[in-house]
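Structure first, commentary second.
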Amino acid sequence: MQYDSQKIEQKWQARWAREGVYRTDGDAGKEKYYVLVEFPYPSGNGLHVGHARPYTAMDVVARRRRMQGFDVLFPMGWDAFGLPTENYAIANKIHPAEVTRRNIAFFKSQINMMGYSFDWGREVNTTDPGYYRWTQWIFLKLLEHGLAYKARMPVNWCTSCKCVLANEEVVDGVCERCGSEVVRREKSQWMLKITAYAQRLLDDLDLVEYPERVKAQQRNWIGRSEGADVDFATTTGETLRVYTTRPDTLFGATYMVISPEHPYVEAWRDKLENGDEVAAYRGAAARKSDFERTELQKEKTGVRLAGVEAINPATGGRIPIFVSDYVLMSYGTGAIMAVPGHDERDWAFARVFGLPIVEVVAGGDVQTAAFTDVETGTLINSGFLNGLEVRQAKARMIEWLVEKGLGRAVTNFKLRDWVFSRQRYWGEPIPVRHCPACGAVPAPESELPLLLPEVASYEPTDTGESPLSKMRDWVETVCPRCGGPAERETDTMPQWAGSSWYFLRYIDPANGAAAVDKALARRYMPVDWYNGGMEHTTLHLLYSRFWHKFLYDIGVVETPEPYARRTSHGMILGEGGEKMSKSRGNVISPNEIVDRYGADTMRLYILFIGDFEKAASWSPQAVKGCRRFLERVWGLLTRAAPSGEISPAHEAEIHRAIRKVGEDIEHLKFNTAIAALMALVNRFYEAGVTKGDLRALLTLLSPFAPHICEEMWERLGYRGFVVREPWPAYDRAKTVEDTAEIAVQVGGKLRATVVIPTGAADEEALAAALAEPRIQKALDGRRVARHIYVKDKLINLIAEKDRQGG
RNA sequence: GCGGUCGUGGCGGAAUGGCAUACGCGCUAGCUUGAGGUGCUAGUACUCGACAAGGGUGUGCGGGUUCAAGUCCCGCCGACCGCACCA
């Protein structure tokens, strides 16, 4: 009797589908549990083993929750707008919607091949008008609440995608997706005011259970800092405002720096003695790509603004002003007071330009290096601040600035508003009309969904206009406000739009009257457990938290946070620990593995491969171990004694396995859960097995390898589906054996083990230990001064001489 | 530089402060097989010792706490991930 995985897997996948065993039942008598995996982008490459890891892990969780009696929501869908599809469509002259349809069909067949327990009755697709209608609706609501606005500003422009990128999509100065150079372009863009939520996005991290690294990364990205705005008078009459986190060092500000993009550079042009030189510097900075501007930790450059000076409000002294690209226009006020004694960048700049370095916080040697410690220093050379600690001096200086009307305490964030426009075809049209008289006017809600028009060409344009702009009969419309002629917005939304709320649509996927029914949202939100990739920490995860908070504010949902628990899986690497990629030719397709070994083997291996949270290298050898294990499980069919009871010989270890497998699943320790099941099977081979033992094994193994378990369940004559069995309970009292082998140490060193009854009393353990000849030998005649006994674990004997430190 | 994670056999990796290396891969030997890219059994950290009995040493390095440290504390070294001229 062979283990024919192919036949078994097809058989049970068909039966599960027929019986609808994975449907979310909505039974109000049950507690709900919402398990979520990140929905895939259906690329033409198909499912990757990298998808299989999180999907399998969460499938195990969902399956266990069903067995535990929860009403489980475990849905799947498609994040289908996006550039690769559009580019493929352009190259092959197929409509992107058709490409998407084909890719989804392929992906879906692969997902089903793995035996995942998704409820397909709730499938969502971000490119479906019935879905993006509500994405557009949320945009209109954001607009209504002043959280969407159009602004002309320098944006990140990918030279290859011919499209604007969000800050989060620019990695090391190049496009996150295609790796091409990103340059700055001045463009009018739709922006979402995520900065309005910066503080809440930061604070509410305390409400959720995320891995520390995820929270840290988000905090870092939000980048809150506390300081002060300070106004400096200048010799031209203008006031130059700076932001500083070190107002305590104001007396040490010996010069100022403004960003090349600072408006004063332009405004002062005619007043400067070296206007041309400054303009040239500014021009050079503008031409540099982000990559050039940030990549090199180069020497500081800059130009002094000759003819203008500022007055340090604390000292009253005149100080020079420079323009330099180490000051960013996008943070603070785009201008800084430079304190070379206590800031490394200012110190480096001062060295290049021979500027004075004044020590105002004692504790270091400012001629050698900037002294930046804020914990130990004491203020000097600082008038009324002298003698104060840094912390006190900050507060005192802010009081003084407020008194004099020169400044105030300010909190700043690194987080920038979200650039929300894309100049591409395959995205949600932004439902806005531009009227020469009324400006940007929201499209009426009744118009939604505002459908993507059929266009002849999806080619991006070099001018930076969306391909939609060429569709004149679509573009030309009327203003909803004044009725005059108007044009439609031709930019589309970024791919992150549809994925910012998809978890809500799963709850109520067919609702034509609302994005999600309130009562249903109340039942299923928040997502109880959301697993996804680390690469989305500052993109999707942050964006969707923002949207969800907004939907909370307007009463659509009732939980402040969308995800109660977030976990992250490590990457699956190729054999040598290298990233899997087509160019390296080391990509493993799940199909290869399923064809050769079966889905159950694939599922086991992808979880057994290593620590779920860490990167792991694929090993073709090790896959076989998992197949071998299933063969051994299968082999138990012919060995099982007819008794339906758990055999006394295995009772304790089965109860321990129930506990361990359950706990391990909760803690993402899928590898050790499987190891425990392997150990159990090994014991069954050593000491015999009954039908009852096997029954227990199958219920525990079924979340991991559901097909083989279902088949064996049937062959053993059990009724129904094993995947619908209740998760077994363990009895703590039954997890212990009658006897325990305890370690016997002498002076902390292991000398022997003895077998004594479980829970034996101290004296009994001591007697057993002393009766051991090897212990007597180790004691070598010395008296036992004292001993430490840990029940069922060990006994440590301290001999008299040991205590003297010998 | 800042933030985070982490250093354990030949390899992937296990260990609520309590017998380090579970489980799997690989390897070695024996059996099985017509054959094996099959299956089974046994072995597999290093070292002294006779490949025995029996010792000793071992979780990146150096200290410390403790009856007991891979685990806790301090200081180094190294790796990986994220951010990075954010004032």
Side-chain angles (χ1 to χ4, degrees), chain A residues 171-172 211-221 223-225 227 242-246 249 253 257 259 293-298 300 324-328 330-339 342-346 348-349 372 412-416 534-535 537-538 570-571 577 604-605 608-611 613-626 628-629 631-632 635 663 669 671-682 685 741-753 774 777 785-799 802-803:
Chain A
V171 176
D172 294 332
E212 195 44 47
R213 55 184 172 154
V214 171
K215 287 193 181 185
Q217 235 169 281
Q218 288 211 348
R219 284 193 192 105
N220 204 280
W221 191 260
R224 183 192 150 101
S225 76
V242 303
Y243 172 72
T244 177
T245 54
R246 295 294 304 276
T249 62
V257 186
S259 160
R293 208 160 146 172
T294 61
E295 172 69 0
L296 327 157
Q297 283 294 352
K298 39 156 201 205
K300 297 275 183 288
S324 173
D325 64 5
Y326 85 90
V327 173
L328 310 175
S330 56
Y331 185 75
T333 63
I336 62 158
M337 65 179 213
V339 185
H342 305 286
D343 180 280
E344 283 168 22
R345 296 149 302 180
D346 298 344
F349 189 87
T372 57
N412 250 319
F413 295 92
K414 290 186 201 172
L415 185 68
R416 304 267 68 88
M534 281 303 291
E535 70 275 19
T537 300
T538 55
M571 225 195 299
L604 276 177
Y605 178 62
F608 190 64
I609 193 167
D611 184 334
E613 299 188 85
K614 288 195 205 138
S617 303
W618 186 268
S619 161
Q621 292 295 329
V623 182
K624 286 194 295 190
C626 290
R628 234 174 257 168
F629 166 63
E631 301 268 9
R632 278 165 68 77
E663 287 175 357
K669 299 264 184 188
N671 53 342
T672 52
I674 293 166
L677 293 170
M678 287 172 166
L680 189 61
V681 169
N682 291 345
Y685 270 89
E741 188 186 47
I742 68 164
V744 184
Q745 298 179 333
V746 175
K749 281 192 172 150
L750 179 71
R751 294 299 176 185
T753 60
R774 291 167 65 184
K777 196 184 161 206
R786 65 194 181 103
H787 65 275
I788 294 96
Y789 172 50
V790 183
K791 233 175 223 177
D792 304 335
K793 290 279 186 190
L794 63 62
I795 184 163
N796 188 6
L797 310 179
I798 313 301
D802 292 359
R803 207 166 53 157

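Chain identifiers are assigned alphabetically (A, B, ...) following the order of the sequence lines, protein sequences preceding nucleic acid strands; residue numbering begins at 1 within each chain.
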With 3.5 Å as the limit, what N/O pairs link the protein to nucleotides 44-46 of chain B?
none

What distance, rounded to whole Å, do you find between the two [atom1] atoms, one in [N] and one in [M]?
{"N": "B/G78", "M": "B/C46", "atom1": "P", "answer": "29 Å"}
{"N": "B/A69", "M": "B/U59", "atom1": "P", "answer": "11 Å"}
{"N": "B/G63", "M": "B/G13", "atom1": "C1'", "answer": "30 Å"}
{"N": "B/C25", "M": "B/C31", "atom1": "P", "answer": "22 Å"}
{"N": "B/A68", "M": "B/G64", "atom1": "C1'", "answer": "15 Å"}
{"N": "B/C85", "M": "B/G12", "atom1": "P", "answer": "36 Å"}
{"N": "B/G75", "M": "B/G24", "atom1": "P", "answer": "41 Å"}
{"N": "B/C76", "M": "B/G7", "atom1": "C1'", "answer": "14 Å"}

Can you sort out the partners of A/R224 under salt bridge (Lys or Arg N to Asp or Glu O under 4.0 Å), two or more places apart, ordered by chain and number?
A/E226

Residues in salt bridge (Lys or Arg N to Asp or Glu O under 4.0 Å) contact with A/E535, at least two apart in sequence or another chain:
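Scan of A/E535 (salt bridge (Lys or Arg N to Asp or Glu O under 4.0 Å), adjacent residues dropped) gives none.
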
For [X], which residues count as a side-chain hydrogen bond (donor to acceptor under 3.5 Å, both in side chains) partner, sequence neighbours excluded?
{"X": "A/T333", "answer": "none"}
{"X": "A/Y789", "answer": "none"}
{"X": "A/R632", "answer": "A/N682"}
{"X": "A/E663", "answer": "none"}

For A/D792, all residues meeting side-chain contact (heavy atoms from CB on, under 4.5 Å), sequence neighbours excluded
A/A740, A/T758

Could you tell me which residues satisfy side-chain contact (heavy atoms from CB on, under 4.5 Å) with A/R416, sequence neighbours excluded, listed by chain and number?
A/N167, A/S330, A/Y331

A/G332 or A/E631, whichever maps to the more 5' nucleotide of RNA chain B
A/E631

Reading RNA chain B from 5' onward, which residue's closest nucleotide shows up sooner: A/V214 or A/G610?
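The residue closer to the strand's 5' end, by nearest nucleotide, is A/V214.
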
Can you give one letter per nucleotide of nucleotides 15-27 of chain B, 5' to 3': B if a protein heavy atom sits under 4.0 Å from the base, S if only from the sugar-phosphate, - if neither?
S--BB--BBSSS-

Does [N] have a Watson-Crick or wobble mate here (both distances under 3.5 Å), and if so which one?
{"N": "B/U5", "value": "B/A79"}
{"N": "B/U57", "value": "B/A45"}
{"N": "B/G24", "value": "B/C11"}
{"N": "B/C72", "value": "B/G64"}
{"N": "B/U33", "value": "none"}

Without decimals, in angstroms, what is the distance between [X] [atom1] and [N] [atom2]?
{"X": "A/D346", "N": "B/C85", "atom1": "CG", "atom2": "P", "answer": "14 Å"}
{"X": "A/F629", "N": "B/U38", "atom1": "CZ", "atom2": "P", "answer": "19 Å"}
{"X": "A/D611", "N": "B/C81", "atom1": "CG", "atom2": "P", "answer": "16 Å"}
{"X": "A/L604", "N": "B/G13", "atom1": "CG", "atom2": "C1'", "answer": "16 Å"}
{"X": "A/I609", "N": "B/A14", "atom1": "CD1", "atom2": "C1'", "answer": "16 Å"}
{"X": "A/R213", "N": "B/G4", "atom1": "CZ", "atom2": "C1'", "answer": "9 Å"}
{"X": "A/H342", "N": "B/C85", "atom1": "NE2", "atom2": "P", "answer": "23 Å"}
{"X": "A/Y331", "N": "B/A87", "atom1": "OH", "atom2": "C1'", "answer": "7 Å"}

Which glycosidic conformation, syn or anti, is assigned to B/G62 if syn requires a torsion within 90° of zero?
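B/G62: anti.
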
Pair A/E212 + A/R219, salt bridge at N-O below 4.0 Å
yes

For the CE atom on A/M571, are there more than 12 heavy atoms of other groups (residues, nucleotides or ligands in this structure) within a distance under 6.0 Å?
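Result for CE/A/M571: open.
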
For A/Y605, which residues count as a ring pair (Phe, Tyr, Trp, His ring centres under 6.0 Å) partner, sequence neighbours excluded?
A/W618

Name the nucleic acid region contacted by A/S225, choosing base, sugar-phosphate or nothing; use a 4.0 angstrom heavy-atom cut-off, strictly under.
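Contact class for A/S225: sugar-phosphate only.
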
Sugar-phosphate only, base, or nothing, as touched by A/A348 at under 4.0 Å among non-hydrogen atoms:
nothing

Can you see whether A/Y326 has A/K300 sitting over its ring - NZ or CZ less than 6.0 Å from the centre and within 45° of the normal?
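Pair A/K300/A/Y326 counts as cation-pi.
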
Every protein N/O lying under 3.5 Å from an N/O of nucleotides 64-66 of chain B:
none

B/C85, B/A87, B/G82: which one has an atom nearest the side-chain heavy atoms of A/Q217?
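Nearest to the side chain of A/Q217 among the choices is B/G82.
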
Looking at side-chain heavy atoms only, is the closest gap between A/T249 and A/M337 below 4.5 Å?
yes

Side-chain donor or acceptor of A/K614 under 3.5 Å from a matching atom on the base of B/C80?
no

Considering non-hydrogen atoms only, spot the tightest contact between A/R246 and A/T372 and give its length.
NH1-O, 3.8 Å

